[in-house]
Each structure stands twice: as C-alpha cells, then as structure tokens.
Amino acid sequence: MDEFYDLAGQFINVRRSMPYVKFDKEVSKKIKHEICILNYLKLHNGIAHPKELSEEFIVSTARMAVLLNQLEEKGYISRIPDSEDSRQTIVKLQPKGVSFFEDINNEILEFIVNFFKELGLHDSREFVRLYTRLMNFVAKKI
C-alpha cells in the first residue's frame with residue numbers, strides 16, 4: 001500500500017473518532033451514523049448494548065432505536081437477548097454489515113486518496129498532522 005493510502009487510513013480513523021464534527025459535505029454524506037455504528041461494533045468485537053451506542057454517538061435512545069431498526073431491516077445487525085441480563089438486548093454485527101462497511105470504507109478511502117494526491121505527499125502529511133491535532137483539541141473541549 002502506498003503512503004497516500006496510509007495517510008487516508010489515518011485520516012479516516014481520526015474522522016471516525018469524532019463523527020459529530022463536520023469536515024466536508026462529500027465526506028459527511030458518506031460517514032453517517034449508520035457507518036459509525038457499524039464501525040463501533042467492528043471495533044468492539046461485533047457487539048454492544050443500545051444504550052452504549054446512544055451514549056457514544058450522543059443521540060437519544062429513541063433515535064438510536066430508529067437507527068438500529070434501519071440497520072436491522074437491511075440485515076447489517078441483529079438484536080439478541082443478553083444472556084447475562086434478560087431485560088437487556090445486545091446489538092450484534094452481521095456479515096452483511098461487515099461487507100457493507102468495508103465497501104463504504106473503500107469508497108471513502110478512494111475519495112480521500114484523490115484529495116491527498118491533489119495536495120501532494122508533503123501537504124497531505126501536514127494536513128493529517130494538523131487535523132489530528134485539531135481533533136484532539138476539540139475532543140478535550142467537548
């Protein structure tokens with residue numbers, strides 16, 4: 001993988017760590033709550049509680065239920081009873097959700113690689129460095 005892809009991957013990781021901070025209309029269109037939820041599940045062994053997701057993405061439990069319903073209808077997740085607490089539900093990432101996430105991730109990666117190629121390697125590195133610094137600063141203030 002060339003350095004542009006490495007930088008684009010770094011950028012995506014920083015961007016996904018702050019899903020509620022808008023960067024660019026085109027990128028923001030592609031990085032929706034659905035994608036962020038799938039990413040969160042992927043990073044957490046494919047499972048999470050709805051309340052955990054609601055808190056992570058700073059949305060109400062009602063809004064999270066709507067998002068999870070949409071993901072479930074598409075076959076990207078399933079909801080199963082928690083074996084440790086029958087009153088709770090666990091959200092589980094499904095193979096179709098992994099595949100969808102990877103497809104979208106590759107599309108976003110290509111978009112950002114083209115962006116970085118336009119900037120050039122030196123400026124792309126500097127952009128990623130500065131953007132990471134900015135997001136770290138914003139995260140501390142929120």
Side-chain angles (χ1 to χ4, degrees), residues 1-119 121 123-142:
M1 191 180 324
D2 69 41
E3 246 181 295
F4 285 109
Y5 280 89
D6 185 45
L7 285 168
Q10 289 175 42
F11 176 82
I12 288 169
N13 288 335
V14 170
R15 177 66 181 104
R16 284 204 178 113
S17 71
M18 303 289 291
Y20 45 85
V21 178
K22 292 196 189 276
F23 159 69
D24 170 270
K25 209 175 206 179
E26 185 66 26
V27 174
S28 294
K29 267 195 305 192
K30 295 179 187 308
I31 302 178
K32 298 177 184 173
H33 274 118
E34 286 185 7
I35 301 303
C36 294
I37 291 168
L38 295 175
N39 183 60
Y40 184 90
L41 290 170
K42 195 166 186 249
L43 294 173
H44 292 86
N45 298 317
I47 60 170
H49 287 94
K51 184 172 177 150
E52 175 185 346
L53 294 168
S54 179
E55 290 171 357
E56 177 68 23
F57 296 104
I58 313 170
V59 297
S60 69
T61 54
R63 176 69 181 131
M64 183 54 66
V66 169
L67 291 167
L68 294 176
N69 285 340
Q70 292 169 350
L71 289 169
E72 193 169 32
E73 286 171 12
K74 294 174 184 176
Y76 298 159
I77 63 155
S78 61
R79 288 185 265 197
I80 57 174
D82 187 335
S83 61
E84 296 176 16
D85 183 350
S86 61
R87 297 169 298 167
Q88 297 291 321
T89 301
I90 293 177
V91 177
K92 185 173 186 204
L93 184 61
Q94 294 299 308
K96 187 175 179 182
V98 173
S99 177
F100 173 74
F101 173 79
E102 288 172 354
D103 289 346
I104 292 296
N105 193 58
N106 288 335
E107 188 180 322
I108 293 167
L109 191 65
E110 288 298 323
F111 173 79
I112 295 171
V113 164
N114 288 329
F115 174 77
F116 286 158
K117 284 181 179 179
E118 181 68 27
L119 285 177
L121 195 53
D123 288 342
S124 296
R125 283 187 189 125
E126 187 65 5
F127 175 81
V128 170
R129 184 186 71 77
L130 291 171
Y131 190 79
T132 302
R133 196 167 143 199
L134 176 63
M135 289 297 98
N136 288 331
F137 172 77
V138 170
K140 289 176 187 173
K141 295 292 181 187
I142 293 178

Is [X] reaching over with its side chain to a backbone N or O of [Y], donor-acceptor style, under 3.5 angstrom?
| X | Y | value |
| --- | --- | --- |
| Lys96 | Lys74 | yes |
| Asn39 | Ile35 | no |
| Thr132 | Val128 | yes |
| Asp2 | Tyr5 | yes |

What I'd like to find out is whether the side chain of [X] reaches to under 4.5 Å of the side chain of [Y], using heavy atoms alone.
| X | Y | result |
| --- | --- | --- |
| Pro50 | Thr61 | no |
| Asn13 | Gln10 | no |
| Leu68 | Leu53 | yes |
| Glu52 | Tyr40 | yes |
| Leu41 | Val98 | no |
| Asn114 | Glu118 | no |
| Thr89 | His49 | no |
| Glu107 | Glu110 | no |

Determine whether Arg125 and Glu3 satisfy the following criterion, side chain to side chain contact (heavy atoms under 4.5 Å, CB included), listing intermediate values before the conclusion.
CA-CA 9 Å; Arg125 283 187 189 125; Glu3 246 181 295; 2.4 Å; yes

Could you give the distance from [atom1] ([X]) to [atom2] ([Y]), rounded to the nearest 0.5 Å?
| X | Y | atom1 | atom2 | result |
| --- | --- | --- | --- | --- |
| Asp82 | Ile90 | CG | CD1 | 4.0 Å |
| Phe100 | Asp103 | CZ | CG | 8.0 Å |
| Leu109 | Ile12 | CG | CD1 | 4.5 Å |
| Leu71 | Leu93 | CG | CG | 9.5 Å |
| Asp6 | Ser124 | CG | OG | 11.5 Å |
| His33 | Gln70 | NE2 | CD | 11.5 Å |

May I ask you to check whether over 12 heavy atoms, not counting those of Asn45, lie within 6.0 Å of atom CG?
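At most 12 heavy atoms, drawn from other residues, nucleotides or ligands, come within 6.0 Å of this atom.
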
Within a reach of under 6.0 Å around CZ of Arg79, are more than 12 heavy atoms found that belong to other residues, nucleotides or ligands?
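Correct, the count exceeds 12.
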
If every non-hydrogen atom of Ser54 is compared with every non-hydrogen atom of Ser60, which pair is closest and at what distance?
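In this case the closest contact between Ser54 and Ser60 is OG-C, 3.4 Å.
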
Give a yes-or-no answer on whether the side chains of Glu102 and Asn106 include a donor-acceptor pair shorter than 3.5 Å.
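No, no side-chain donor-acceptor pair sits under 3.5 Å.
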
Please walk me through it: do Asn136 and Val14 pass side chain to side chain contact (heavy atoms under 4.5 Å, CB included)?
CA-CA 9 Å; Asn136 288 331; Val14 170; over 6 Å; no

Look at the aromatic rings of Phe116 and Phe11 and report parallel, tilted or perpendicular, splitting at 30° and 60°.
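Judged by the thresholds at 30° and 60°, the geometry between Phe116 and Phe11 is perpendicular.
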
Go through the steps to decide whether Ile37 and Met64 satisfy the test side chain to side chain contact (heavy atoms under 4.5 Å, CB included), and finish with yes or no.
CA-CA 10 Å; Ile37 291 168; Met64 183 54 66; 3.7 Å; yes

is_close_aromatic(Phe115, Phe127), centroid dist under 6.0 Å
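Yes; Phe127 has its ring centre under 6.0 Å from that of Phe115.
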
